[in-house]
Amino acid sequence: MTELYSSTPTAPSRRTTLRAAGGGTLLLGLGLAGCRSAVSEAEAPAGKAGAGPRRGGTVTVAVNSDFTPSLLFAQSGQSLQQRLIYNTLTRYDDELKPQPELATSWDYAEDGRSITLRLRTGVTFHDGRPFTADDVVFAVKNLQNPLRAAQLRATAAAVTGFEKRGDHELVLRLAHPVNNLFDLFEFMIITDRNSVEDAVTGKKLNGTGPFRLTRWSPGTGLSLTRNATYWQPDRPYLDGVELRVVPQADALLSSLRTGQSQLSFSVPGKNLAVVASTPELALSEYTTGGGAYYLGVNTTVAPLNDKTVRQALARAIDRERILKQVLGGYGLASATPWPKSSPAFTEAGRTHYTYDPGKARELLKSAGHTRLDLPLLHINLPGDTAVAEAIQYDLKQIGVQVTLQPTDPATAQKNLISQKMPGLWTMSHGFAQVQPSTLAVSAYPFNEAKNTSKFRSAAYTKIVREAWTTPGTGARANALRQQITDTLLDEAFIIDLVIRGAVQVSAKKLHGVALNKFSYLNLDDAYLAG
């Protein structure tokens, strides 16, 4: 066995983000570089001279949709609270090197068929029960359960054996090598095996994280209080966190400007200019592509079963206009899902479908169509509605009449998982910001085995499976990533529009906020000052 990493725990790192920053560093084929925390474009100093982290205070986070316990194990727009209540085994740093969390060090077998994890001692769940290797075994098996709808189920299912060496050492044996195991470790929250059924109904959320759940008021939000027995000494600094549901854009913005809320990731793009001009607020961008807006296509609905029609739609949408007018200029217009930090990114792929309504009309005509009438499902939140309306406008210019179908976030996510989408839908996806194979193996819109578009291709499956089990560096890995990109562009069953990492709006007195690769909020080091 070859030891990859062994270290004492470190606090989440920070570095200044630059818009559309590129250049990723690979770590033994396991990932790509990315920022874990955002810094505002004009960051305020941390309070008065000499001031540093201090204890106390409650932070209110304004969210635009409620916690959905049935989606606890699926990454979605309702996942923000995960890292507040639960820990994960590892987390990536800015260079995508796995860092310790509940796993303190690990040995990865040279053949990629097993990994030995050494687990943190002295950790307890919120109810006082000690954390042990049995909890990791349960966490993996829990994600293998199809009822959990976990996107990384395929990676969890690759774990076929468990060898406990006491309470705090565990060997995971794999059916075959995978190059995204640390994606799983950062995605997989460690939940209490004795109360998991209560967790998925919202009755009890028992984790090892920095905050304990004191109340969930459906439709209103979550109330969390400091975990006084947290395993990180002197953390968290905050006494509590309130996640408050504020679905209306104007009310959400007002809550931030008046100080009722101190943090949000839900401000629509058209309101970001107002934030930038508000002295008390800081605007920050996570540039490593934590998400992307896209147009999904149900390939079983005629005439969308014809890829020429799908390619026409891909050329009809003005991505740059959506970026500037709808998203406030934050993001990267792109026909592929990859952020610039991904080894799968190419400029040729990003610009493959440039805005060309004339060419789009020609493609439609060559497929025998001059007019189409199609439904377009979208989430009924202000930012998502604005994206849907922009798509509707652009498609109308080529003779495609679109009827909008506004849908609440939880229902939209469940339709995505169960493949119950109409001809067209628009949402945002993640998973392009980690190991590239994870997107095509795990994300619902792209999954080679069972995707929302109902697109199936033996060639696509073969490429994806090989990419998933091939070490992430080298010529072969690069060639496989390019083949995945080429397939996505040619088949156009998912039409990417704009790469969009989270945009953070926070009170300037709030410091130390971070997100992990799956947009789980980390407030271990957060504090109020100034």
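This chain uses plain numbering: 1 for the first residue, then up along the sequence. Keep in mind it's a predicted model, so treat the numbers as computed, not measured.
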State whether the side chain of [X] and the backbone N or O of [Y] hold a donor-acceptor pair below 3.5 Å, judged by distance alone.
X: Gln144; Y: Val159; value: yes
X: Ser342; Y: Trp338; value: no
X: Thr452; Y: Leu416; value: yes
X: Ser264; Y: Ser266; value: yes
X: Ser442; Y: Leu439; value: no
X: Asp66; Y: Gly219; value: yes
X: Thr88; Y: Thr90; value: yes
X: Asn179; Y: Thr469; value: no
X: Gln81; Y: Leu222; value: no
X: Gln262; Y: Thr60; value: yes

Are a donor atom and an acceptor atom from the side chains of [X] and [Y] found within less than 3.5 Å of each other?
X: Asn180; Y: Trp468; value: yes
X: Asn227; Y: Arg212; value: yes
X: Asp524; Y: Tyr230; value: yes
X: Trp425; Y: Asn415; value: no
X: Gln435; Y: Ser437; value: no

Exercise for review: Compute the ring centroids of Phe431 and Phe518, then answer whether they are less than 6.0 Å apart.
Suggested key: yes

Residue pairs, two or more places apart or on separate chains, that pass salt bridge (Lys or Arg N to Asp or Glu O under 4.0 Å) and touch [range]:
range: residues 127-152; answer: Arg129-Asp135, Arg129-Asp192, Asp134-Lys164, Asp135-Arg193, Arg148-Glu197
range: residues 213-232; answer: none
range: residues 243-268; answer: Glu242-Arg244
range: residues 431-447; answer: none

So [Y] and [X], do their side chains get closer than 4.5 Å, heavy atoms only?
X: Leu272; Y: Val267; answer: yes
X: Ile417; Y: Leu71; answer: yes
X: Asn206; Y: Asn194; answer: no
X: Glu101; Y: Arg83; answer: yes

For the residue pair [X] and [Y], categorise the inter-ring angle as parallel (less than 30°), tilted (30 to 60°) or perpendicular (more than 60°).
X: Phe67; Y: Trp216; answer: perpendicular
X: Phe187; Y: Tyr520; answer: tilted
X: His429; Y: Tyr294; answer: tilted

Can a salt bridge be assigned to the pair [X] and [Y] using a cut-off of 4.0 Å between side-chain N and carboxylate O?
X: Asp239; Y: Arg55; value: yes
X: Asp525; Y: Arg235; value: yes
X: Arg500; Y: Glu285; value: no

Return all side-chain donor-acceptor pairs below 3.5 angstrom for residues 379-386, not counting sequence neighbours, or 'none' if the list is empty.
unit_1, atom_1, unit_2, atom_2, d
Thr385, OG1, Leu381, O, 2.9

Practice item. For residues Leu528 and Gly57, report the shortest heavy-atom separation together with the two atoms involved. Key: CD1-CA, 4.1 Å

**Study point:** Gln504 and Tyr286: CA distance, side-chain angles, deciding distance, side-chain hydrogen bond (donor to acceptor under 3.5 Å, both in side chains) verdict
**Key:** CA-CA 8 Å; Gln504 173 182 310; Tyr286 292 75; 2.7 Å; yes

**Study point:** Those residues that, when tested against Ala139, pass side-chain contact (heavy atoms from CB on, under 4.5 Å) (two or more places apart)
**Key:** Met188, Ile190

